[in-house]
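As the structure is a prediction and not an experimental result, all values here were calculated from the model.
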Amino acid sequence: TSISHTVAPSSCIDCPRRSFGIVWKGVFRLNPVAIKTCRITKVTASVVREFMGELKLMAPLSHSNLVSLVGGCWSDGPDKLCLVLEFCARGTLKDVLVATATHELNHDWSHPFFKITMGIASCFRYFHHEQPSGEALLHRDLKPENVLISDTFEAKVRVDGACVMG
């Protein structure tokens, strides 16, 4: 059974260009989503394998501090490869740290900082000790750019091709 839905990208999210492509903000079932696309000039057999590997790795994962996979597109041709992910309105942890340092974001850090730190730790406990297969997921690329922050300051760890089971 095939289910088809349309996700309309509305604007490019202000984010650094990832090696995979551009991330767009869109709407799916009335909820904001991030649409991670693949640059057409970069589509090779190895890119498609990497994309499918990322999709297979993310599909069974579920944790409140993990960027959720909403869906993906892979069967409509290499120029349409995309992952549809949970949208995190505050951007990356790096964005939040820079905004705080430059006083663009003025708030008391004690609560959000603790909440973000505990969220990251909870997600890594899930990666290392709570996988259904019993085999740990190794992230291998934790950095402020790979932690997204929701509008309520929930930390959401981003999973990508650097992650391996092991």
Side-chain angles (χ1 to χ4, degrees), residues 1-44 47-100 102 104-107 111-112 115-116 118-120 122-124 126-127 137 139 141-163:
T1 302
S2 176
I3 299 174
S4 177
H5 295 284
T6 301
V7 178
S10 57
S11 62
C12 184
I13 298 170
D14 185 18
C15 65
R17 290 188 184 262
R18 312 284 298 164
S19 61
F20 192 81
I22 298 172
V23 179
W24 295 85
K25 180 180 180 184
V27 177
F28 178 71
R29 295 186 178 168
L30 304 177
N31 293 309
V33 292
I35 306 164
K36 183 178 174 183
T37 63
C38 185
R39 277 189 238 133
I40 296 172
T41 58
K42 295 276 189 171
V43 178
T44 62
V47 168
V48 173
R49 279 193 303 277
E50 180 183 332
F51 171 84
M52 292 304 291
E54 190 172 335
L55 188 61
K56 288 177 184 175
L57 179 70
M58 289 182 72
L61 300 177
S62 177
H63 189 274
S64 61
N65 296 107
L66 178 65
V67 175
S68 299
L69 173 67
V70 176
C73 178
W74 62 91
S75 62
D76 292 339
D79 61 324
K80 303 241 184 346
L81 289 178
C82 73
L83 294 175
V84 181
L85 305 165
E86 171 183 10
F87 178 72
C88 295
R90 294 196 183 268
T92 68
L93 177 56
K94 181 179 179 179
D95 297 334
V96 171
L97 292 171
V98 168
T100 302
T102 60
E104 292 173 28
L105 184 63
N106 191 12
H107 60 80
H111 175 67
K115 185 176 184 178
I116 289 168
M118 292 305 292
I120 295 167
S122 177
C123 189
F124 273 77
Y126 169 73
F127 285 162
L137 175 65
H139 189 276
D141 198 22
L142 179 62
K143 58 187 176 186
E145 293 88 341
N146 284 337
V147 177
L148 300 179
I149 307 298
S150 75
D151 57 348
T152 60
F153 283 95
E154 291 288 334
K156 302 283 186 166
V157 176
R158 179 172 28 210
V159 172
D160 60 24
C163 298

Give a yes or no answer on whether the side chain of Asp141 reaches the backbone of Asn146 with a donor-acceptor pair at less than 3.5 Å. no

Here the gap from Arg158 atom CZ to Lys143 atom NZ, rounded to the nearest 0.5 Å, amounts to 8.5 Å

In Å and rounded to the nearest 0.5 Å, what is the CD1 to SG distance from Ile22 to Cys82? 13.0 Å

Test item: Met58 and Leu66 side chains (from C-beta on) under 4.5 Å apart, heavy atoms: no

Holding to side chain to side chain donor-acceptor pair (under 3.5 Å), I want the full list of residues that pass it with Ser68, two or more places apart in sequence or in another chain. Glu86

What distance separates Asn65 CG from Lys156 NZ, expressed to the nearest 0.5 Å? 6.5 Å

For Ser150, which residues count as a side chain to side chain donor-acceptor pair (under 3.5 Å) partner, sequence neighbours excluded? Thr152

Measuring only between side-chain heavy atoms, which start at C-beta, is Ile120 closer than 4.5 Å to Leu142? yes

Considering only heavy atoms from C-beta outward, does the side chain of Leu137 approach that of Leu57 to under 4.5 Å? yes

If you compare all heavy atoms of Phe153 against all heavy atoms of Pro112, which two are closest, and at what distance to 0.1 Å? CD2-CB, 3.8 Å

Could you state the interatomic distance from CG (Leu148) to CG (Leu85), rounded to the nearest 0.5 Å? 9.0 Å

I want to check something: taking the side chain as every heavy atom from C-beta on, are Val67 and Val157 in contact at a cut-off of under 4.5 Å? no

Find out whether His63 and Ser122 are in side-chain contact, i.e. whether some heavy atom of one side chain is under 4.5 Å from a heavy atom of the other. yes

Atom CD1 in Ile149, atom OG1 in Thr92: separation rounded to 0.5 Å? 8.0 Å

Shortest non-hydrogen contact from Arg90 toward Val96: O-CG2, 3.8 Å

Results of ring-ring contact (aromatic ring centres under 6.0 Å, His included) for Phe124 - residues two or more places apart only: Phe127, His128, His139

Greater than 12 external heavy atoms within 6.0 Å of Met118's CE: no

